[in-house]
Amino acid sequence: MKSIWQEDNDYYKLEPLLNAMVASAEEKLNVKLPNSYIKILKQQNGGCIKYDAYPSTVPTSWADDHVHINHNLGIGEKNSILESEYLIQEWELPRNIVLLSGDGHSWIALDYRKTNENPQVIYIDCEANQQVKLANSFDEFLQGLYVAAEIVEENGEVYVEREWTQEEVEIALSSNDNEKIIRAFNYLYANPNINDYSPVVEHGLLDLLQHADEKIKMIAATYATHFNEKKQLSSEFVGKMIAILRSDVELEGYLPMF
């Protein structure tokens with residue numbers, strides 16, 4: 001399993017994880033922790049992670065399309081998931097969750113309210129009184145983490161840390177999975193100089209704008225406006241897209257943006 005941890009950063013990092021520590025934590029929390037979570041803690045027991053974002057299908061206080069993450073809690077006496085019960089009471093959070101990351105105002109958590117194993121991953125914003133399901137499992141959450149912060153070079157070109165192959169982009173855009181679609185579009189938006197991917201973007205957008213799922217259509221329409229603002233779409237494609245928007249009452253509100 002590829003490491004998610006930042007190198008040379010010991011903040012939130014705890015002593016190496018032992019099996020006995022896992023068993024004790026599960027007994028205290030009365031849950032079964034995800035195997036993938038235990039595996040990453042055996043690489044490093046908590047700390048700051050390389051990836052600072054996870055896609056969200058609804059706007060949050062961080063951004064329109066993602067939530068922010070800067071660390072992942074391990075298992076130990078302090079700065080640990082074992083403090084979940086205290087923090088839940090302190091911040092009046094839902095019971096039967098395990099807090100993985102947060103600062104008091106917003107949290108990433110494992111949701112055990114309907115199960116004691118294989119929990120979903122959720123985002124909670126205390127100030128906005130908002131709860132959002134991010135992933136169906138911790139495995140899915142790990143796969144969806146990405147770098148939202150852009151790195152701007154002196155020549156003005158923009159890059160993100162992880163490179164996607166054209167095949168990965170095509171698979172994501174045809175997956176019918178909101179999170180994967182958003183991740184792919186985020187990558188393409190942050191890398192406007194990947195000219196070879198332009199037909200992939202336009203073909204993907206055309207298919208998604210005519211999708212049966214209203215949320216996926218909205219995601220496609222939103223990103224189409226972003227790509228159009230950056231002049232990443234051909235005039236031929238924009239014409240086809242406008243025809244789709246005009247014929248769909250759920251999407252016609254996007255027409256003024258073109």
Side-chain angles (χ1 to χ4, degrees), residues 4-6 9 11-14 25 28-31 33-34 37 40 46-115 119-138 140-150 160 178-183 185-186 189-190 214-216 218-219 221-223 225-226 253:
I4 67 169
W5 305 108
Q6 289 184 17
N9 189 340
Y11 198 55
Y12 287 107
K13 183 178 178 181
L14 306 175
K28 179 176 181 180
L29 296 169
N30 193 31
V31 299
L33 295 170
Y37 172 69
I40 65 167
C48 294
I49 62 177
K50 298 175 184 177
Y51 312 103
D52 64 355
Y54 189 88
S56 171
T57 56
V58 298
T60 70
S61 58
W62 287 105
D64 289 340
D65 59 5
H66 71 271
V67 298
H68 176 74
I69 309 124
N70 66 1
H71 66 273
N72 190 74
L73 295 176
I75 297 174
E77 293 185 5
K78 293 183 178 181
N79 293 325
S80 160
I81 63 171
L82 297 180
E83 296 179 323
S84 292
E85 185 175 353
Y86 162 75
L87 292 169
I88 286 169
Q89 294 178 1
E90 179 74 14
W91 291 94
E92 299 181 350
L93 301 170
R95 300 192 62 79
N96 298 319
I97 63 174
V98 173
L99 302 174
L100 298 178
S101 181
D103 60 3
H105 303 290
S106 61
W107 303 90
I108 307 293
L110 299 174
D111 188 357
Y112 286 98
R113 286 175 289 182
K114 295 181 180 179
T115 181
Q120 295 179 345
V121 180
I122 60 173
Y123 167 79
I124 300 172
D125 189 315
C126 297
E127 294 182 350
N129 194 27
Q130 180 184 42
Q131 291 186 41
V132 178
K133 186 189 85 170
L134 298 178
N136 290 313
S137 66
F138 190 76
E140 183 179 306
F141 179 70
L142 282 180
Q143 293 170 9
L145 290 170
Y146 70 98
V147 179
E150 297 177 348
V160 294
N178 292 2
E179 288 83 1
K180 289 180 181 178
I181 292 168
I182 290 172
R183 285 178 59 213
F185 279 146
N186 280 341
Y189 181 75
E214 181 182 352
K215 288 184 179 179
I216 289 180
M218 296 296 185
I219 290 170
T222 299
Y223 277 95
T225 63
H226 295 332

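Scope of the values below: all heavy atoms of this structure, side chains included, with no hydrogens, waters or symmetry mates.
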Nearest 0.5 Å, please: how far is [atom2] in [Y] from [atom1] in [X]?
X	Y	atom1	atom2	answer
Trp5	Ile40	CH2	CD1	4.5 Å
Ile81	Leu33	CD1	CG	5.0 Å
Tyr86	Trp91	OH	CH2	9.5 Å
Leu29	Ile75	CG	CD1	8.0 Å
Ile108	His68	CD1	NE2	9.5 Å
Leu87	Glu85	CG	CD	10.5 Å

Sequence-distant partners of Lys133, side chain to side chain contact (heavy atoms under 4.5 Å, CB included), two or more places apart: Gln120, Asn136

Side chain to side chain contact (heavy atoms under 4.5 Å, CB included) partners for Pro94, two or more places apart: Ile97, Arg113, Ile124, Gln131

Parallel, tilted or perpendicular: ring planes of Tyr12 versus His71, cut at 30 and 60 degrees: parallel

Between [X] and [Y], what is the shortest heavy-atom contact and its length?
X	Y	value
Leu100	Phe138	CD1-CE1, 3.7 Å
Leu99	Ser84	N-OG, 3.0 Å
Gln6	Lys50	CG-N, 3.8 Å
Val58	Ser56	O-OG, 2.6 Å

Minimum side-chain heavy-atom gap [X]-[Y] below 4.5 Å:
X	Y	result
Tyr11	Asn79	no
Ile69	Phe141	yes
Ile219	Asn178	yes
Tyr54	Glu140	yes
Tyr123	Ser106	yes
Pro119	Val31	no

side-chain contact (heavy atoms from CB on, under 4.5 Å) between Val121 and Leu110, worked out: CA-CA 5 Å; Val121 180; Leu110 299 174; 4.0 Å; yes

Greater than 12 external heavy atoms within 6.0 Å of Asn129's CG: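 No, because the 6.0 Å sphere around CG of Asn129 holds 12 heavy atoms or fewer from other groups.
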
Donor-acceptor under 3.5 Å (Gln143 side chain, Lys180 main chain):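 Flag not set: sc Gln143 to bb Lys180 has no pair under 3.5 Å.
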
Polar side-chain atom of Ser80 near backbone of Glu77 as donor-acceptor pair, under 3.5 Å: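 No, Ser80 side chain to Glu77 backbone: no donor-acceptor pair under 3.5 Å.
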
Listed partners of Tyr223 passing ring-ring contact (aromatic ring centres under 6.0 Å, His included), at least two apart: Phe185, His226

